[in-house]
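Have a look at the structure below, then the notes.
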Amino acid sequence: MISPTDMPDTIPVFPLPGALLLPRSRLPLHLFEPRYLAMLDDVLKTSNRLIGMVQPYDAPDAAGKLHTIGCAGKLTAFSETEDGRYMITLSGASRFRIIEEVEGFTPYRRCTVDWKGFERDLGVSEKDPQFERPAFMAALNRFFEDQGLSTDWDSLSEAEDELLINSLSMLCPFEPEDKQALLEAPSLTTRRETLTTLIEFALRGGSGEEFMQ
């Protein structure tokens with residue numbers, strides 16, 4: 001586990017729409033663009049091996065703009081393919097708040113970040129004492145059927161609260177802005193509430209008017 005004193009002031013960031021990383025979760029990524037291969041080479045030379053995952057804004061007038069809050073992951077596994085690409089795994093360490101983007105000579109983007117306010121991310125797994133699992137799993141089953149998705153229901157049923165909620169937040173096919181809302185949830189309980197709202201909204205056909213009734 002990474003300690004707060006190991007968290008650097010500046011980290012490389014990987015803007016990827018729809019890709020969500022959460023603390024104590026794992027995100028597999030496929031790197032092939034030259035700038036991100038250069039980022040990987042540089043990250044491997046650091047002691048912390050951190051990469052910040054962040055959502056870019058999805059709007060025509062916001063080209064290149066990043067959301068303020070992202071999540072840093074530690075590079076914990078990587079393998080090279082025969083054609084020079086890499087499969088890597090990031091293990092979620094802590095969320096951060098972007099202070100400013102660093103201008104420099106690297107082909108990838110770097111930001112000065114602030115870790116304050118996210119101290120619990122570096123702690124033990126969170127619990128959700130208000131979690132009503134049977135009702136949630138029933139809605140999730142309907143959502144998966146509606147979306148044509150499949151999963152190992154036995155594994156989901158046995159998963160701890162945090163693993164279940166965070167895994168679904170990362171894997172379910174929500175819009176990037178919805179993923180950002182899940183990332184910014186201040187606690188596991190509020191993330192589960194946001195996830196439940198998104199599932200119920202989708203089951204109602206995505207109609208805001210119908211959802212409000």
Side-chain angles (χ1 to χ4, degrees), residues 1-58 62-126 162-163 166-167 169-171 174 176-177 179-180 182-185 191:
M1 183 177 294
I2 301 176
S3 70
T5 56
D6 293 330
M7 307 305 283
D9 294 331
T10 301
I11 59 172
V13 295
F14 188 177
L16 189 60
L20 176 62
L21 176 63
L22 293 168
R24 293 177 294 275
S25 300
R26 293 184 178 181
L27 177 67
L29 292 169
H30 186 197
L31 301 184
F32 56 90
E33 291 186 42
R35 56 180 166 169
Y36 295 124
L37 295 179
M39 178 184 70
L40 177 61
D41 287 341
D42 290 345
V43 166
L44 288 170
K45 299 172 186 175
T46 67
S47 59
N48 53 67
R49 295 192 174 186
L50 290 175
I51 296 174
M53 297 301 300
V54 61
Q55 295 274 346
Y57 276 96
D58 184 20
K65 185 178 180 182
L66 304 176
H67 277 279
T68 303
I69 295 176
C71 183
K74 183 174 183 177
L75 178 65
T76 51
F78 70 97
S79 60
E80 186 178 5
T81 63
E82 293 182 357
D83 57 359
R85 293 179 285 182
Y86 283 86
M87 299 296 296
I88 72 170
T89 299
L90 295 182
S91 297
S94 174
R95 289 169 291 177
F96 57 83
R97 190 180 305 275
I98 293 176
I99 300 174
E100 62 181 356
E101 188 161 352
V102 177
E103 299 295 334
F105 299 102
T106 59
Y108 54 88
R109 300 171 73 173
R110 296 183 302 146
C111 290
T112 301
V113 299
D114 187 358
W115 308 97
K116 293 185 180 65
F118 303 111
E119 288 80 7
R120 73 169 64 190
D121 291 355
L122 294 172
V124 298
S125 297
E126 290 188 65
E162 184 180 71
L163 177 60
N166 285 356
S167 296
S169 297
M170 293 171 61
L171 296 174
F174 300 128
E177 293 298 320
K179 296 269 191 176
Q180 187 67 26
L182 291 164
L183 172 67
E184 295 186 16
R191 181 170 299 126

- prompt: Sub-3.5 Å donor-acceptor pair from the side chain of D121 to the main-chain atoms of R95, do we have one?
  reply: yes

task: Using the test side-chain hydrogen bond (donor to acceptor under 3.5 Å, both in side chains), find all partners of Y36 that sit at least two apart in sequence or belong to another chain.
output: none

- request: Go through the structure and list residues passing side-chain hydrogen bond (donor to acceptor under 3.5 Å, both in side chains) with E126, not counting sequence neighbours.
  value: R120

query: Considering only heavy atoms from C-beta outward, does the side chain of P56 approach that of H67 to under 4.5 Å?
result: no

message: Would L182 and L20 count as a side chain to side chain contact (heavy atoms under 4.5 Å, CB included) here? Give the steps.
response: CA-CA 9 Å; L182 291 164; L20 176 62; 4.3 Å; yes

message: I need the minimum non-hydrogen distance between G18 and K179, along with the two atoms involved.
response: O-CE, 3.6 Å

message: Which residues pass the salt bridge (charged side-chain N to carboxylate O under 4.0 Å, His left out) test with E33, not counting sequence neighbours?
response: R35

- prompt: Knowing that exactly one of I11, T112, V13 qualifies, which makes a side chain to side chain contact (heavy atoms under 4.5 Å, CB included) with V102?
  reply: T112

Gap separating the CZ atom of R85 from the CG atom of L40, nearest 0.5 angstrom: 14.5 Å

task: Work out which heavy atom in S25 is nearest to a heavy atom in M170; give both atom names and the distance.
output: CB-SD, 3.4 Å

message: Pair T10, V113 - check side chain to side chain contact (heavy atoms under 4.5 Å, CB included), show working.
response: CA-CA 6 Å; T10 301; V113 299; over 6 Å; no

field: Closest non-hydrogen atom pair, L22 against S169
entry: CD1-CB, 3.9 Å

message: Enumerate the ring pair (Phe, Tyr, Trp, His ring centres under 6.0 Å) contacts for residues 76-114, please, sequence neighbours excluded, ordered by first and then second residue.
response: F96-W115

- request: For G70 and L183, work out which heavy atoms get closest and say how close.
  value: CA-CD2, 3.8 Å

- line: Separation between CE (M87) and CZ (F32), nearest 0.5 Å, reads 11.0 Å

- request: Report the distance from atom CZ of R26 to atom OG1 of T76, rounding to the nearest 0.5 Å.
  value: 5.5 Å

- prompt: What closest approach, in Å, do A19 and M53 show between heavy atoms, and which atom pair accounts for it?
  reply: CB-CE, 4.1 Å

- prompt: Between CG of D42 and CE of M39, what distance do you get to the nearest 0.5 Å?
  reply: 9.5 Å

- prompt: Is the charged tip of K65 near the ring of Y57: under 6.0 Å from the six-membered ring centre and within 45° of its axis?
  reply: yes

query: Any ion pair linking R97 and D114 (charged N to carboxylate O, less than 4.0 Å)?
result: no

- prompt: In terms of side-chain geometry, is the basic nitrogen of R110 or E101 positioned less than 4.0 Å from the acidic oxygen of its partner?
  reply: no

- prompt: Is any side-chain heavy atom of L27 closer than 4.5 Å to a side-chain heavy atom of T89?
  reply: no

task: Let me see the working for I98 and V54 under side chain to side chain contact (heavy atoms under 4.5 Å, CB included), right down to the final yes or no.
output: CA-CA 10 Å; I98 293 176; V54 61; 4.1 Å; yes

statement: Rounding to 0.5 Å, atoms CG (L122) and CZ (R24) come to a distance of 8.5 Å

message: Walk me through whether E100 and C111 qualify under side chain to side chain contact (heavy atoms under 4.5 Å, CB included).
response: CA-CA 6 Å; E100 62 181 356; C111 290; over 6 Å; no

query: Can you check whether G92's main-chain N or O pairs, donor with acceptor, with K74's side chain at less than 3.5 Å?
result: no

- line: Hits for side chain to side chain contact (heavy atoms under 4.5 Å, CB included) against D9, two or more places apart or cross-chain, chain-then-number order -> none

task: Would you name the heavy atoms of P23 and N166 that are closest together and state the gap between them?
output: O-ND2, 3.7 Å

query: How would you list, by chain and number, every residue that makes a side-chain hydrogen bond (donor to acceptor under 3.5 Å, both in side chains) with T81, sequence neighbours excluded?
result: D83

query: How long is the gap from CZ on R109 to CZ on F14, to the nearest 0.5 Å?
result: 12.0 Å

query: Can you tell me if S167 uses its side chain to pair, donor with acceptor, with the backbone of L163 under 3.5 Å?
result: yes

